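Below: one structure, written as structure tokens.
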Amino acid sequence: MPASLSGPVNRVLRPVPAWPLYILAVLPPAWLVWGLFQGRLGVDPVKTMEHQMGLWALWLIIAGLAVTPIRRILGVSFLKYRRAIGLVAFFYILLHLLIWLVLDVQIPAQILADLTKRPYIILGMAAFVLLIPLAVTSNAVSIRRLGRNWRRLHLLVYPAAVLGGLHYVILVKGIQMTPILYLLAILGLLAFRLPWTGRRPR
Amino acid sequence: MARNWNGNLTENDVTPEHLWLNRRQIMAGMAGLGLGSIGGTAMAAPSDLTPNDYEAITHYNNFYEFGVGKEDPADYSGKFVTSPWSIEVAGLVDKPGTYALEDILKGKQIEERIYRLRCVEAWSMVIPWNGFPLSALLNQVGVQSGAKYVAFETALKPDEMPGVSRRVLDWPYREGLRLDEAMHPLTLMATGIYGKDLLNQNGAPIRVVVPWKYGFKSAKSIVRITLQEDQPFTSWKDANYREYGFYSNVNPQVSHPRWSQATERVIGSGLIPKRRETEMFNGYGDEVASLYTGMDLKKNY
């Protein structure tokens, strides 16, 4: 994007704070709960909620990973929203997990069996576990305390994103394009960060 | 549980669904008192067979030729033309040929069979099918002595089936049964649900229903039936033989490599679906277990 366009976009974004994202984040799950009680989530409402929360989380992870490439290619900076995007993604993943545990599987013994035997569950859970320290340290105090280590710690988002994409790919029957496209989007955004793929910002 | 139906019923004769369900509960009560035969021939079946409502049965489907989402078959099967319809019967039969659906149905007594459908994805529902035993069709065409298997092929109409543009499977969809499984009285050629003609998303105009196997074994919208000596090609086994075996009998002890088969989500059992323990052979073990005597069902999954 030419500077003549990126400049005005950045000027518009500058006064817009990140905190409204946290309020907006409550609306999609609330809409699902409302749909559940209105009978608008189809024949299998729990699966619909579970799938939708996972999908939204994946969208947000992709959006978070896209911040740097957008800044480098288009010169538009969404950097101040990245923390909010990441925390909302974590919140959605947590809801996705809770729906699976409490409403879907329901049986503790089967949950334990799935966590040890089922590849897509193991991958999804591994992604979630990797994101816990990132969510806990997504605040100014942690940034100050951890110093340089904060940035290193937050590189865990890369393997977590790949694991999340793989989780989606292998939970479906057969070879389906939609999950593969999500995984390719994640891999593409990560590939963009490799040293030879573009000018690194100073 | 099976019940004979008058084959000349029109849609106006069909009992409204809410009354129909009520009648089923009365029938179940009669059966409990040993009076089940009043309602027609009785066939043992899994417990708690309260049918799902028509909406659930017709809007929660796997029919990948119309898309991989559960509502895709209902949403995208509208262009699928099912009349006129014929089935080619080929292979080791006395009377091979292409049979019009009307000729196949001629003289067949259409029965009501309430079966539990268990999907390999670990969900289940209960469906009141209308149809006739597959054995009646096989007897009509005359099975030759060399035949050991029955192969089914689903229609492939790319212009009417938007899902086939995605190569999820090697189309056309193909399935198969061992001859003794196909001849078993529980194996049904279904032409309706709740006394109404099958909708496109449910496999119109004619499909097979094998209630003790995972749902993908029950081929929909059948255009070809072949009797053969060798085990037939089956689509899901071809796609991933580790996950989808030829037999695919419902078996809580044999997990799918990616999920447990010990329990199932009961579709339509409330806002938050109940889980029930999966029964061996989907609850039809008394009738079908003898088909697999001496077989290792973990190897022959």
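Lettering of chains follows the sequences in order, A, B, ..., and the numbering in each one begins at 1. Because the structure is predicted, anything quoted here is derived from the model rather than measured.
When heavy atoms are compared at a cutoff of 4.5 Å, Ser269(B) does not approach chain A at all. Residue contact with chain A, scored on non-hydrogen atoms closer than 4.5 Å, involves the side chain of Arg265(B) exclusively. Neither the backbone nor the side chain of Thr48(A) comes within contact range of chain B, judged by heavy atoms closer than 4.5 Å. Looking at Ile267(B), the atoms closer than 4.5 Å to chain A (heavy atoms on both sides) all sit in the side chain, from C-beta outward. For a residue to count as touching a neighbouring chain, one of its non-hydrogen atoms must lie under 4.5 Å from one of that chain's; by this rule Glu121(B) touches chain A with the side chain only.
Within 6.0 Å of CD on Glu277(B) lie no more than 12 heavy atoms contributed by other residues, nucleotides or ligands. More than 12 heavy-atom neighbours from other residues, nucleotides or ligands sit within 6.0 angstrom of CZ on Phe233(B). Around the OH atom of Tyr76(B), the shell of radius 6.0 Å holds no more than 12 heavy atoms that belong to other residues, nucleotides or ligands.
Below 30°, between 30° and 60°, or above 60°: for Phe216(B) and Trp236(B) the angle between ring planes is above 60°, a perpendicular geometry.
You'll find the ring centres of Phe63(B) and Tyr173(B) outside the 6.0 Å limit. The six-membered or imidazole ring of Tyr60(B) lies near that of Trp123(B), with a centre-to-centre distance under 6.0 Å. Checked against a 6.0 Å centroid threshold, the rings of Tyr301(B) and Phe246(B) do not count as neighbours.
For the pair Ser221(B) and Thr82(B), the minimum side-chain heavy-atom distance is 4.5 Å or more. Using a 4.5 Å heavy-atom cutoff, the side chains of Tyr214(B) and Val250(B) are in contact.
When the heavy atoms of residues 64-72 of chain B are compared with those of chain A, the residues falling under 4.5 Å are Tyr64(B), Val68(B), Glu71(B), listed by number. Of residues 154-173 of chain A, those residues with a non-hydrogen atom less than 4.5 Å from any non-hydrogen atom of chain B are, in numerical order, Ile170(A), Leu171(A), Val172(A), Lys173(A).
Figure legend: cation-pi geometry between Lys220(B) and Phe152(B) absent, as NZ or CZ is not positioned both under 6.0 Å from the six-membered ring centre and within 45° of its axis.
Considering only heavy-atom pairs separated by less than 4.5 Å from chain B, the leading option among Leu36(A), Ile107(A), Asp104(A) is Asp104(A).
Judged by distance alone, the side chains of Arg118(B) and Thr278(B) do bring a donor and an acceptor atom under 3.5 Å apart.
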